[in-house]
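Counting begins at 1 with the first residue of the sequence. Computed from a prediction, not measured in an experiment: that's the story for all the values here. First listed ligand is number 1; within each ligand, the first listed atom is number 1.
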Amino acid sequence: MLHITMIGCGAIGVGVLELLENDPQLCVDYVIASEGSKALVRQRLASFKRPPQVLTALPADARPDFLVECAGHRAIEEHVLPALERGIACLIVSVGALSEVGLVERLEAAAERGHTRIELLPGAIGGIDALSAAKVGGLDSVNYTGRKPAHAWKNTPGEQACNLDTISEATVIFQGSAREAARLYPKNANVAATLSLAGLGLDRTQVTLIADPHSDENVHHFEARGAFGGFELSLRGKPLLANPKTSALTVYSVVRALGNHAHAISI
Ligand SMILES: NC(=O)C1=CN([C@@H]2O[C@H](COP(=O)(O)OP(=O)(O)OC[C@H]3O[C@@H](n4cnc5c(N)ncnc54)[C@H](OP(=O)(O)O)[C@@H]3O)[C@@H](O)[C@H]2O)C=CC1
Ligand SMILES: O=C([O-])CC(=O)C(=O)O
C-alpha cells in the first residue's frame, strides 16, 4: 500500500480524496491545509470512511511515499521544496506556478539533494506524452487556445479586455507567449505552462485565450508541428462545480497518476 499526503483540500483535493476512498492500495494519511481553512477541511472530510488527519505541516517524522500538491504556488514554496529536500517524491498539479523565473531550477536542485523526483501532472490537458516525445525529434511550433465560459475569467485582466457580463460572442481576451499568459493569468496558466514545459518553452509557445458566453466547458485546443509530423488535440473539459476555473479531468489525472504508482500495470 502507498501512503500519500495531500496538500490542499479545495475543489481538486476533495474530488481526489473521494475517488481514493475505495482504493485498497492507496491510503491518504495526512491532508495539509492552511491555518485558516483547517476547521473547514476537517468538516469536509468528516463523512469519509477513513478520514485523513488534517495538519498545517508535514510532521518531522512522517515519510509518505508521495506528497501530492493540489493547492497553488505558495504551497510549492512552503511544502513541496522542503519535502523534496527530505527525499519525499512530489506530484505537482499547479504547474502554472513553474512559470516563475528560477522555480523549476530550485525544484530540480531540491529533488537532486533529496535523491528523489518531481512529477508534473498533465491535469486538465491530454497529449503530453505525444508532445514530449515529439520534442525529442525537434518541434517547430506549438499553438494553444484556451476557451472558457465568460464568468470563468472574472477577477482576471479579461475584465479589462471586454465586458464579461454582456459580451454576446466568443471574444479573444489575450494573444501572446505562454510566459506573458502566465504573468497575466496565473490562475489559468496551468495548461499553457504544461504544454511549454513538455514542448517549446514559455517564449516559443503561442497562447490565445477566449471568453465564450455560450460555452459551459473549458476547451483546451493545441496544434504541434515538428520533425515527427503534426497533431492537434481539442479537449472539452467539464468544469468542477466547486471551482469553474478547474476542469474535472484534473482530478482524474491525479487519481490516474497515483494509481499508476500503486498498481501492477501502469497506463
Ligand atoms: N494542471 C492543471 O491542469 C490544473 C491545475 N490547477 C491548479 O490546481 C490548484 C488547486 O486547484 P483547485 O482545487 O481548483 O483550487 P481551490 O481554490 O478550490 O483549492 C485550493 C486549496 O488549496 C489550499 N491552499 C492554498 N495554499 C495552501 C498552502 N500553502 N498550504 C495548504 N493549503 C493551501 C486552499 O486553502 P485556502 O483557501 O486556505 O488558501 C484551498 O483549499 C491551483 O493552483 C490551480 O491553479 C487547476 C486546474 C487545472
Ligand atoms: O481547465 C482547467 O482546469 C485549468 C486551466 O484552464 C488552466 O489552469 O490552464
Side-chain angles (χ1 to χ4, degrees), residues 5-18 30-45 54-58 67-83 91-100 119-128 144-149 152-153 155-156 158 174 178 181-182 184-198 205 207-212 215-222 234-254 256-257:
T5 291
M6 301 239 329
I7 314 168
C9 194
I12 297 174
V14 169
V16 170
L17 285 164
E18 281 171 0
Y30 304 112
V31 167
I32 310 294
S34 3
E35 185 59 49
S37 299
K38 224 168 42 177
L40 179 70
V41 169
R42 285 205 178 109
Q43 215 179 317
R44 275 183 195 151
L45 301 181
V54 180
L55 305 169
T56 53
L58 189 65
L67 187 88
V68 185
E69 175 279 322
C70 306
H73 194 152
R74 196 164 41 87
I76 293 182
E77 294 282 344
E78 276 178 26
H79 303 295
V80 174
L81 282 163
L91 275 56
I92 292 182
V93 150
S94 301
V95 180
L98 275 60
S99 313
E100 182 193 296
E119 193 173 324
L120 306 180
L121 301 184
I125 189 68
I128 296 303
Y144 161 67
T145 302
R147 177 190 294 252
K148 290 191 180 183
W153 298 108
N155 302 314
T156 74
F174 173 84
L184 292 171
Y185 294 85
K187 292 197 172 153
N188 292 276
N190 296 293
V191 172
T194 304
L195 293 173
S196 301
L197 287 163
T205 304
V207 174
T208 302
L209 300 177
I210 297 176
D212 187 346
S215 175
D216 55 5
E217 294 170 327
N218 295 335
V219 185
H220 301 293
H221 177 96
F222 74 91
S234 235
L235 203 150
R236 300 193 320 278
K238 276 199 198 316
L240 288 173
L241 270 181
N243 185 356
K245 285 187 168 69
T246 294
S247 301
L249 189 66
T250 315
V251 170
Y252 308 145
S253 170
V254 177
R256 166 191 176 260

(request) Identify, by atom number and element, the atoms of ligand 1 in contact range of Gly72, meaning under 4.0 Å from any of its heavy atoms. (result) 43 (O)
(message) I want to know if ligand 1 touches Ala124 in the polar sense, i.e. an N/O pair below 3.5 angstrom.
(response) yes
(request) Would you mind reporting whether Lys38 and Thr56 have side-chain heavy atoms less than 4.5 Å apart? (result) yes
(request) Run down the list Val251, Asn190, Val16 and name the one with the heavy atom closest to atom 6 (N) of ligand 1. (result) Asn190
(message) Show me which atoms of ligand 2 lie under 4.0 Å from any heavy atom of Thr246.
(response) 3 (O)
(message) Using side-chain heavy atoms (C-beta onward) and a distance below 4.5 Å, is Thr205 in contact with Phe222?
(response) no
(request) Heavy-atom distances under 4.0 Å are what count here, so tell me which part of Ile12 touches ligand 1: side chain, backbone, both or neither. (result) both
(request) Look at atom 39 (O) of ligand 1 and find which of Ser37, Pro122, Ala11, Ser34 reaches it with the closest heavy atom. (result) Ser34
(request) Between His73 and ligand 1, find which residue part has any heavy-atom pair under 4.0 Å and reply side chain, backbone, both or neither. (result) neither
(message) Students should be able to answer this: which protein heavy-atom is nearest to atom 5 (C) of ligand 2, and at what distance?
(response) Lys148 NZ, 3.2 Å
(request) Using distance alone, determine whether Tyr144 and ligand 2 share an N or O pair under 3.5 Å. (result) no
(request) May I ask which of Asn243, Ile32, Ile125 has a heavy atom nearer to atom 12 (P) of ligand 1 than the others do? (result) Asn243
(request) Please check if a non-hydrogen protein atom sits closer than 4.0 Å to atom 34 (C) of ligand 1. (result) no
(request) Around atom 8 (O) of ligand 2, find the nearest protein heavy atom and jot down its residue, atom name and distance. (result) Asn190 ND2, 2.9 Å
(message) For the 3.5 Å polar cut-off, considering only N or O atoms, please tell me whether Glu78 and ligand 1 meet it.
(response) yes
(request) Please confirm whether Ser94 comes within less than 3.5 Å of ligand 1 when only nitrogen or oxygen atoms on both sides are compared. (result) yes
(request) Return the option from Gly8, Ala33, Ala71, Ala192 holding the heavy atom at the smallest distance from atom 20 (C) of ligand 1. (result) Ala71
(request) Quick one: look up the protein heavy atom nearest atom 3 (O) of ligand 2 and list residue, atom name and how far away it is. (result) Ser247 N, 2.5 Å
(request) Write out the residue and atom name of the closest protein heavy atom to atom 4 (C) of ligand 2, then the distance separating them to 0.1 Å. (result) Lys245 O, 3.4 Å
(message) Using a plain distance cutoff, I'd like to know if Thr246 has any nitrogen or oxygen under 3.5 Å from a nitrogen or oxygen of ligand 1.
(response) yes
(message) Which of the numbered atoms in ligand 1 are under 4.0 angstrom from any heavy atom belonging to His79?
(response) 30 (N)
(request) Report yes or no: does Cys70 have a heavy atom closer than 4.0 Å to ligand 1? (result) yes
(request) Please indicate whether any nitrogen or oxygen in Val191 is less than 3.5 Å from any nitrogen or oxygen in ligand 2. (result) yes
